[in-house]
Amino acid sequence: MVGERWPLEPLQPERPSATATRWRFADGAGELQFVSSVTEPFCATCDRLRLTADGQLRTCLFAETETDLRGPLRAGASDAELDAIVRAAVLAKGPGHGMADPEWTYTGRPMSLIGG
Ligand code: SF4
């Protein structure tokens, strides 16, 4: 719809796992980006992790489980032990947010409580 009024040209994604599709206004006035994470999921190429301010590692913004790093850190875990915890969390990462499933409900900590 935007392109009908202001012609757009597609731009290459910033990297293969980029979240946004990028467009440039043909008149050079600027760029436009869309993050269509629900209607066009890009979970298959997601390489994101989030460490919350309270030391919880999340492998998906919509994860319902978190991996505690604060406890092991405060208990003096070694780098190798922390590495193993992070790797185990990443290996257990699910295939995506699952919102396309009509039965999908969310019971985890919402993004508003983890900083975005
Ligand atoms: S919903 Fe989760 S798996 Fe999908 S792109 Fe976002 S953070 Fe990655």
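Both counts, for ligands and for their atoms, begin at 1 and track the order of listing.
Not a single N, O or S atom of Cys60, from either the backbone or the side chain, sits less than 2.8 Å from atom 8 (Fe) of ligand 1.
Interface of Phe62 with ligand 1, defined as ligand atoms under 4.0 Å from a residue heavy atom, comprises 1 (S). Each of the atoms 5 (S) of ligand 1 lies under 4.0 Å from some heavy atom of Phe42. Shown in contact with Leu61 at under 4.0 Å from a heavy atom are these atoms of ligand 1, numbered in order with element: 2 (Fe), 7 (S). For ligand 1, the atoms sitting less than 4.0 Å from at least one non-hydrogen atom of His97 are 1 (S), numbered in the order shown with element in parentheses.
Residues Pro95 and Cys43 share a closest heavy-atom pair of O-CB, 3.5 Å. Nearest heavy-atom pair, Glu64 versus Thr107, reported as atom, atom and distance to 0.1 Å: OE2-N, 3.0 Å.
What sits closest to atom 3 (S) of ligand 1 on the protein, heavy atoms only, is Lys93 NZ, 3.6 Å. Given atom 8 (Fe) of ligand 1, the protein heavy atom at minimum distance is Cys46 SG, 2.3 Å. In terms of protein heavy-atom proximity, atom 4 (Fe) of ligand 1 is nearest to Cys43 SG, 2.4 Å.
The pair Asp54-Arg109 meets the salt-bridge criterion, since a charged nitrogen lies less than 4.0 angstrom from a carboxylate oxygen. Checked for salt-bridge contact, Arg24 and Glu9 meet the test: a charged N lies under 4.0 Å from a carboxylate O.
Within 6.0 Å of CZ on Arg15 lie more than 12 heavy atoms contributed by other residues, nucleotides or ligands. Within 6.0 Å of atom CG in Asp79, 12 or fewer heavy atoms from other residues, nucleotides or ligands are found, so the atom counts as exposed in its surroundings.
With Leu32 as the fixed residue, the side chain to side chain contact (heavy atoms under 4.5 Å, CB included) test singles out one of Leu11, Thr21, Val2: Val2.
Put simply, atom 6 (Fe) of ligand 1 has no protein non-hydrogen atoms near it, under 4.0 Å away.
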